[in-house]
Amino acid sequence: MAIAISVGVGVPLVFSVGIVFAVVPDDSHGSALSSAASGGKLRVGKGYVPAEYAGLIEKAAADCDQGLSPGILAAQIMQESGFNPEATSYEVKKDEEGNSYKVPLAKGIAQFIDSTWASHGVDGNGDGVKNVRDPADAIPAQGEMMCELLKMAKKHPGYNGSPIELALAGYNAGWSRVDYYKGVPPERFAKGQTYHYVKNIIASAARYMAPESNGGRLSSAGWTLPVNGPLGTPYHQKGSSWESGYHTGVDFVLPTGTPVKTAGPGVVYSAGWAGPYGNQVVIRHDDGMYSQYAHLAKTPLVKSGQRVRGGQQIGVSGATGNVTGPHLHFEIRTGPAYGTDISPIPYLRKRGVTV
C-alpha cells in the first residue's frame, strides 16, 4: 500500500481497522510498452508477470538512477494487487451504533491511497489524466516513488535494513515509520504487516526475472563460493569503517593474489575501477540478481557484456579502494547499484552452495 512520504518522525501507527482486498475482474488492459530496461528483463507468462505490464515495469525500473530492479517492482505489485488494476482495499470502520462498514482505502495495481496519489500520481501515458486505475500511470508513479524512497534510504546508513528494504517499508507504512524505528518496522508493528511485506518482496523478487540464458528453469549447476578462504566481516555489521555505516556484503579473508571466481553463471554488468570498492566486477545472473566482487588487486580479467560460467576466474584478491587489508568483499544485490544488497549467504545456500 503506497502511503504518503513524510520526513517527520512519527509515532507508531496501530491498525485497529481491518484491510479487505476486493478483487474485481479486469476486462481491458493497456497496451504493452517496448522493453528497454538496463536492469534486466522480466519473466512473462502465467504465474509471473502479465505481458501487458512487463514493459511498463521494466521502464519504471530503468528510469530510476538508484539501481532499482524490475523484479522488486514486479514482486511489489504482486504483493499489492496481484497485478489487478481494479483492485481495491477497504478500511473497515464502525458507526456510532457499532455497525461495521467499509470505506475504499487504496486503489489500483499499485494500491495508492488518495492522498499519496494526489502528491505522487503521474500521467505516464500522456493522455492528460492521472488515473490511479490505469497501469500506464500507476506503474510509473510506483517506480518514481520507490526511486525517491531508495534515494532517501541511502541517506540513512545507520538505519536497520538495506536501502531497498527501507524503501519498501516506506512505501508500505510511510517514511515516518521508518524514521521512528530507525529502520524497517519490527514484527510487532501493525501485526507484522510491514515487516512481512518487506521480507516477502525481497524473497520473491528473483522469480520474476527472466533467465539470462535461453529460458528454462533456474539451476544450481555451476554455483560455488567465489574464493577458497574463511569468512571475515559478516553482512550488516555496523561500524564507522564503512561509509554506509554498516557492511553491505560479506568478506573473505585472503592474501593478495588469491584467485577470485564467479559465484555462478551470468553476464558481466561492469568491470573496472569503482572508487571505494577499488577494482571490482558486477555480474548479472540468470534470476536477475547481481553479485559483486570488490577490492581486486589488478584490472579484472573480464569485460562488460562478457558471458561467464560459474567458477570462472575473474581476477585476484587484493586491497584496492578503501580497505585496511587484503580481502574479497562479496555482495548479492537485487539491482546493479549500491543500496540494493540482500544477505548473500542465504542466497548462495538456495543455489546449493555450502557456506
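The structure presented is a predicted model; accordingly, all values stated were derived computationally and were not measured.
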Closest approach of [X] to [Y] (non-hydrogen atoms, all atoms of both residues):
X    : Y    : value
Y290 : G335 : CD1-C, 3.4 Å
L42  : M209 : CD2-SD, 3.7 Å
G264 : H285 : O-CE1, 3.2 Å
P344 : V250 : CG-CG1, 3.7 Å
N228 : L254 : O-CD2, 3.5 Å
V253 : H327 : CA-CB, 4.4 Å

Pairing residues for [X] by the side chain to side chain contact (heavy atoms under 4.5 Å, CB included) criterion, not counting sequence neighbours:
X    : result
P259 : Q313
R309 : Q312
N99  : D95, E97

Requested in this report: Determine which pairs satisfy salt bridge (Lys or Arg N to Asp or Glu O under 4.0 Å) with at least one residue from residues 106-120, sequence neighbours left out, and list them in order.
Outcome: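 For residues 106-120: K107-D114.
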Requested in this report: Establish, yes or no, whether a centroid distance under 6.0 Å links the rings of Y180 and W175.
Outcome: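 No, they do not, as the ring centres are separated by 6.0 Å or more.
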Would you indicate whether the side-chain heavy atoms of [Y] and [X] approach each other to under 4.5 Å?
X    : Y    : value
Y269 : V281 : no
M146 : L168 : yes
P234 : Q237 : yes
D251 : L231 : no
D123 : D137 : yes
P163 : K154 : yes
T256 : V316 : no
I139 : Y53  : yes

Once you round to the nearest 0.5 Å, how far does [atom1] of [X] lie from [atom2] of [Y]?
X    : Y    : atom1 : atom2 : result
I314 : K303 : CD1   : NZ    : 15.5 Å
L225 : T354 : CG    : OG1   : 8.0 Å
R133 : T88  : CZ    : OG1   : 3.5 Å
N172 : L149 : CG    : CG    : 11.0 Å
Y208 : L73  : OH    : CG    : 12.5 Å
S304 : I283 : OG    : CD1   : 11.0 Å

Are [Y] and [X] connected into the same hydrophobic cluster when the rule is that any two of I, L, V, M, F, W, Y join if their side-chain heavy atoms are below 4.5 Å apart?
X    : Y    : result
V44  : L56  : no
I345 : F330 : yes
I57  : V122 : no
V260 : V353 : yes

Requested in this report: Taking only Lys NZ, Arg NE, NH1 and NH2, and the carboxylate oxygens of Asp or Glu, determine whether R43 and D286 approach each other closer than 4.0 Å.
Outcome: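 Salt bridge flag = no for D286 with R43.
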Which residues share a side chain to side chain donor-acceptor pair (under 3.5 Å) with [X], sequence neighbours left out:
X    : value
Y195 : none
S317 : none
E331 : T248, Y277, H329, R333
D63  : K59

For the side chain of [X] and the backbone of [Y], is there at least one donor-acceptor N/O pair under 3.5 Å apart?
X    : Y    : answer
N160 : G183 : no
Q111 : A87  : yes
S291 : I332 : no
H156 : G158 : no

Report task. Name the orientation class of the two ring planes belonging to Y171 and F112 (parallel below 30°, tilted from 30 to 60°, perpendicular beyond 60°). Result -> perpendicular
Classify the side-chain pair [X]/[Y] by whether it contains a donor and acceptor separated by less than 3.5 Å.
X    : Y    : result
Y338 : T340 : no
H120 : Q142 : no
Y197 : Q76  : yes

**Report entry** Side-chain cluster (under 4.5 Å, hydrophobic types only) that W273 belongs to, other residues
**Finding:**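 Besides W273, the hydrophobic cluster comprises nothing; the residue is isolated.
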**Report entry** Residues clustered with V103, ILVMFWY side-chain links under 4.5 angstrom
**Finding:**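 Cluster partners of V103: Y101.
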**Report entry** Test side-chain contact (heavy atoms from CB on, under 4.5 Å) applied to Q280 and Y293, step by step
**Finding:** CA-CA 5 Å; Q280 73 160 12; Y293 313 76; over 6 Å; no
Report summary line: Those residues at least two apart in sequence (or on a different chain) that pass salt bridge (charged side-chain N to carboxylate O under 4.0 Å, His left out) with E165 are none
Query raised in the report: Can you name the residues that form a salt bridge (charged side-chain N to carboxylate O under 4.0 Å, His left out) with D127, not counting sequence neighbours?
Result: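 D127 satisfies salt bridge (charged side-chain N to carboxylate O under 4.0 Å, His left out) with no residue once adjacent residues are dropped.
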Requested in this report: Assess whether side-chain contact (heavy atoms from CB on, under 4.5 Å) is satisfied between T334 and M289, documenting all intermediate values.
Outcome: CA-CA 5 Å; T334 64; M289 303 292 275; 3.9 Å; yes
Query raised in the report: How far apart are the C-alpha atoms of D341 and Y235, what are their side-chain angles, what is the distance that settles it, and do they pass the side-chain contact (heavy atoms from CB on, under 4.5 Å) test?
Result: CA-CA 10 Å; D341 55 278; Y235 179 65; 2.7 Å; yes
Query raised in the report: Does the side-chain hydrogen bond (donor to acceptor under 3.5 Å, both in side chains) test come out yes or no for D287 and Y347, once each step is laid out?
Result: CA-CA 11 Å; D287 58 359; Y347 177 85; 2.8 Å; yes
Requested in this report: Decide side-chain contact (heavy atoms from CB on, under 4.5 Å) for L166 and V184; before the verdict, give the C-alpha distance in whole Å, the side-chain angles of both, and the deciding distance to 0.1 Å.
Outcome: CA-CA 6 Å; L166 298 178; V184 176; 4.1 Å; yes
